[in-house]
Amino acid sequence: MRSHYCGQVTEKLENKNVTISGWVHRRRDHGGVIFIDLRDKEGLVQVVVNPDNAEKFAKAEKVRSEFVLTVQGTVLGRTAETINPKMNTGKIEIVADNIEILSTSAPIPFQLDDKTISEEVRLTYRFLDLRREEMQQVLRTRYQITRTMRRFLDDKGFMDIETPILTKSTPEGARDYLVPSRTHQNKFFALPQSPQLFKQLLMMSGFDRYYQITRCFRDEDLRADRQPEFTQLDIETSFMGEEEVMQIMEELVKTIFSEVGSINFEYDFPRITYADSIRDYGIDRPDLRIDMKLVDVADLLQDIDFKVFAGPAKDPQGRVAALRVPEGGKMTRKEIDDYTNFVSIYGAKGLAYIKVNKLADGLAGLQSPIVKFFPEQALEVMARVGAEDGDLVFFGADKAKIVNEALGALRCKIGEDLAMLEKDWAPVWVVDFPMFELDEQTARLAAIHHPFTQPKATTEEILNHKAPEQMLSKAYDLVINGLEVGGGSVRIHDTDMQAAVLKLLGISDKEANDKFGFLLNALKYGCPPHAGMAFGLDRLVMIIANRDSIRDVIAFPKTQSAACMLTEAPGLVDNEQLSELDLRFRKPIKE
RNA sequence: GGAGUAGUAGCUCAGAUGGUUAGAGUACCUGCCUGUCACGCAGGGUGUCGAGGGUUCGAGUCCCUUCUAUUCCGCCA
């Protein structure tokens, strides 16, 4: 049915007979001659149908968009006036000897070259949406990335091993997707949030280097960069520490960017500690494409007669920080109001600012509703943040968490709005994460990474630590352009240390045994030191393919309510199925 | 759970202040056309104005409820 792909018929094949098959991209009927652009995965080629044969011509007249055809014909060079420089195959055309209609098509609900189609329509007809060149290209990029990952890891002695999809609910972490068991009454499987425990067990089994490109499931609300089922490149190694894992993972990422995106990082990825990242950027996944930092000014403003600033400045839990926007003085009142509105999302009660008109004029050169509250300190603050004429300096003063989130987000928003991105790519390792965080509602400690991460402390120190929330862990995240693309840690390989961590987390022996006793048990039988990492494949593809949404790099994604527009999943099931599972609804089904 | 935005023809959208028969482009259909490549020309409207309720003499427009999509907050070890 095919001697060549449409997109690969070039002038080299002139005067040759070819057979091509594909979809009718467009038909132009001139009455006496009909042009058909035929499309397959390699591209488009123009087919010319002349009226020299009535049967053939009649078929061409019947043809419509998206019909599937096989065309036999002769490749001919176009005359100079009819060459189409916009097409790769524009120097030639195929003069049809014979046309076969393999499949007709109803009028399609949207035109493939229309770039303004709503996502709702695209997802409902995803099989058509995926015909678009753009989507074909993205999925090809995705495949090239996974292929590169596999080759890189295979060459380094990593082995691909599958782990169960039907598994057990884990403590903490995200909400599980549950699957009722028919053979075990009242019991449920959980879909894995990640193969974390299995890959640790594989290390204990002696496989030494494991990887898997695998689906993970988390039943939480969606975002542009979050789907309830997503794909991870999951990796674990034995007898490697933080440094070795980070090095090999960095090499992997560089290889992917180089081979798939022709982007070459000729430097070591910078590293930043969690604490520094929060201090300078307000967030643990800093976008280093933007050259602005938060600057602490609390020490200068503790004693002023302006409670909005002085209060948080004196509060150990508070923070007063400034964000200097170079040349931000051009901002209008409305723009500033919009930013004030923006930070309110994060709980900020306001957004103070100082416009720097002319520093040489001293206080008179500063334009601001708040300078009058601290005339003595204002210039010192300006010096601290490095303000120059024409700048605008924003201030956040509140609980540290609020200031960090508000100014951190503001920094990125302004960076984008004012086109302040200084480079295309900014990878960075974030290291020295705290081991625990204090849950404000329950006042309990929770693991920031997961409870199997090794703290930077001995078992003794873990048990006797006076401020466990200050303890660091051997965890690391890889952040690119403000997006967390991967994270990992050194794991605990010692029974006593694992018990100590679980104890701090307030997980009882019984609970630990119920939920992952198999892991604790395995730890007893010779566990190698091991460490690993997992990459969010979808995010990595998104960033390399330069898309704004993870949905654009997944063939069949879910909507924000975790539904599939195409299959209309999730759906109702038969009563018979429910009764086999011994399940019943607590409320009547709404029609 | 919360905040914002959107929902009118197959698609993308217009439709101040409530007013007669709801429009445009495109797609589609019919006819014409032998060099187009977003072909062109002439003609044709194919509609549950997301759904339900309310106000009104009268609702695409106002009010309430609700559904869907999307962005964000919470959530996501």
Side-chain angles (χ1 to χ4, degrees), chain A residues 25-38 44-52 57 64-66 76 78-87 89-90 93 95 105-125 128 170-176 193-194 196-197 216-228 230 341-348 402 405-406 409 413 433-437 439-441 445-453 473 475 484 487 489 501 505 507 534 536 548-549 551 558-561 563 565 568 590:
Chain A
H25 193 65
R26 199 168 274 114
R27 185 189 72 128
R28 292 176 294 281
D29 184 348
H30 286 245
V33 60
I34 296 171
F35 300 98
I36 295 170
D37 292 339
L38 205 64
L44 289 176
V45 70
Q46 173 165 284
V47 173
V48 184
V49 187
N50 289 312
D52 49 0
F57 201 70
R64 293 292 180 274
S65 285
E66 300 306 312
L76 290 184
R78 299 197 196 181
T79 59
E81 322 82 75
T82 59
I83 284 178
N84 183 351
K86 284 186 279 186
M87 284 174 85
T89 59
E93 59 194 8
V95 178
S105 168
I108 59 172
F110 58 90
Q111 284 141 284
L112 296 187
D113 52 5
D114 190 339
K115 296 200 184 345
T116 61
I117 305 301
S118 71
E119 210 169 355
E120 206 166 345
V121 174
R122 287 176 54 203
L123 291 181
T124 305
Y125 298 96
L128 296 179
T170 47
E172 302 192 70
R175 198 176 289 118
D176 286 314
Q193 294 181 24
S194 86
Q196 181 61 36
L197 299 182
C216 303
F217 306 86
R218 295 177 191 175
D219 187 6
E220 296 292 346
D221 287 345
L222 289 80
R223 287 286 190 281
D225 64 351
R226 252 160 52 190
Q227 285 268 303
F230 58 100
N341 214 10
F342 174 76
V343 296
S344 72
I345 298 171
Y346 302 90
I402 290 174
E405 285 174 8
K413 176 141 183 72
F433 277 82
M435 180 70 201
F436 306 105
E437 67 185 335
D439 186 312
E440 283 174 18
Q441 269 139 34
L445 285 180
I448 282 193
H449 200 64
H450 55 59
F452 316 106
T453 299
S473 70
E484 184 197 331
S489 66
V501 168
L505 289 170
I507 297 175
D548 292 325
S549 165
R551 291 185 300 277
K558 301 278 187 287
T559 67
Q560 192 163 40
S561 64
M565 303 282 295
E568 297 184 304
K590 281 183 234 162

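Since we're looking at a predicted model, the values are computed, not measured.
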(Q) Counting distance alone, no hydrogens or angles: does the base of C76(B) have a donor or acceptor under 3.5 Å from a partner atom on the side chain of Arg218(A)? (A) no

(Q) Rounded at 0.5 Å granularity, tell me how far CD1 in Ile36(A) sits from CZ in Arg28(A). (A) 9.5 Å

Q | Verdict with reasoning, Gln111(A) to Arg26(A), per side-chain hydrogen bond (donor to acceptor under 3.5 Å, both in side chains) | A | CA-CA 10 Å; Gln111(A) 284 141 284; Arg26(A) 199 168 274 114; over 6 Å; no

Q: Rounded off to whole Å, could you give me the CD-to-P distance for the Glu568(A) and C67(B) pair?
A: 17 Å

Q) If you count the non-hydrogen atoms of other residues, nucleotides and ligands that lie under 6.0 Å from OH in Tyr125(A), is the total more than 12? A) no

Q.
Which nucleotide, if any, forms a Watson-Crick or G-U wobble pair with U68(B), using both distances under 3.5 Å?
A. A6(B)

(Q) Can you confirm whether Ile448(A) sits close enough to Ser473(A) that some side-chain heavy atom of one is under 4.5 Å from a side-chain heavy atom of the other? (A) no

Q: Take atom CD1 of Ile108(A) and atom P of U26(B), then tell me their distance rounded to the nearest Å.
A: 17 Å

Q | Distance, C1' atom - from C49(B) to C13(B), rounded to whole angstrom | A | 13 Å

Q) Taking side chain as C-beta onward, heavy atoms only, is Asn84(A) less than 4.5 Å from Arg78(A)? A) yes

Q.
Check the phosphate of A69(B) against Ser118(A), side-chain N and O only, distance under 4.0 Å to OP1 or OP2. Yes or no?
A. no

Q: Specify the separation, in whole Å, of atom CD1 of Ile345(A) and atom P of A3(B).
A: 13 Å

Q) To the nearest angstrom, how far is Arg226(A) atom CZ from C75(B) atom C1'? A) 7 Å

Q. If you measure from the C1' atom in A27(B) to the same atom in C39(B), how many Å do you get, rounded?
A. 16 Å

Q. Under the rule syn = chi within 90° of 0, otherwise anti, which is A16(B)?
A. syn

Q.
Taking the P atom in each of C33(B) and G45(B), what is the distance between them to the nearest angstrom?
A. 24 Å

Q.
Rounded to whole Å, how long is the line connecting atom CZ of Phe110(A) with atom P of C13(B)?
A. 14 Å

**Q.** side-chain N/O Arg223(A) vs C73(B) OP1/OP2, d < 4.0 Å
**A.** yes

Q | Tyr346(A) OH to C72(B) C1', straight-line distance once rounded to whole Å | A | 7 Å

Q.
Is Thr559(A) close enough to U68(B) that one of its side-chain N or O atoms is under 4.0 Å from OP1 or OP2 there?
A. no

(Q) Applying a 4.0 Å non-hydrogen cut-off, can you work out what Thr453(A) is touching in the nucleic acid: base, sugar-phosphate, or nothing? (A) nothing

Q.
Does the structure show a Watson-Crick or G-U wobble partner for G45(B), both distances under 3.5 Å? Name it, or say none.
A. none

Q | Residues, nucleotides or ligands: over 12 heavy atoms within 6.0 Å of Asp52(A) CG | A | yes

Q: Could you give the distance separating G60(B) and U21(B) at their C1' atoms, to the nearest angstrom?
A: 15 Å

Q. So, does Arg226(A) use its side chain to make a donor-acceptor pair with the main chain of Asp221(A) at under 3.5 Å?
A. yes

Q) Quantified in whole Å, what is the C1' atom distance between nucleotide G52(B) and nucleotide G15(B)? A) 24 Å

**Q.** Ring geometry between Phe452(A) and His450(A) (parallel below 30°, tilted from 30 to 60°, perpendicular above 60°)
**A.** tilted

**Q.** Sugar-phosphate only, base, or nothing, as touched by Asp114(A) at under 4.0 Å among non-hydrogen atoms
**A.** sugar-phosphate

Q) Rounded to whole angstroms, how far apart are NZ on Lys413(A) and C1' on C73(B)? A) 15 Å

Q. What one-letter contact string describes nucleotides 32-42 of chain B from 5' to 3', where B marks a base within less than 4.0 Å of any protein heavy atom, S marks contact via sugar-phosphate atoms alone, and - marks no contact?
A. -BBBBBSB---

Q. Roughly how far apart, to the nearest Å, are C63(B) and G18(B) at atom C1'?
A. 13 Å

Q. P atom, U36(B) versus G40(B): distance in rounded Å?
A. 12 Å

Q: Go ahead and name the base partner of U56(B); Watson-Crick or wobble counts if both distances stay under 3.5 Å, otherwise write none.
A: none

Q) In whole angstroms, how far is the C1' atom of U12(B) from the CG atom of Leu112(A)? A) 15 Å

Q: Just name whichever nucleotide pairs with C11(B), Watson-Crick or G-U, keeping both distances under 3.5 Å, else none.
A: G25(B)

Q. How far does the C1' atom of U8(B) sit from the matching atom of A24(B), given to the nearest Å?
A. 13 Å

Q: Using atom types as modelled and distance alone, determine if a side-chain donor or acceptor of Thr89(A) lies under 3.5 Å from a backbone N or O of Leu44(A).
A: yes

Q) Between Leu123(A) and Arg64(A), which has a closest nucleotide on RNA chain B that is more 5'? A) Arg64(A)

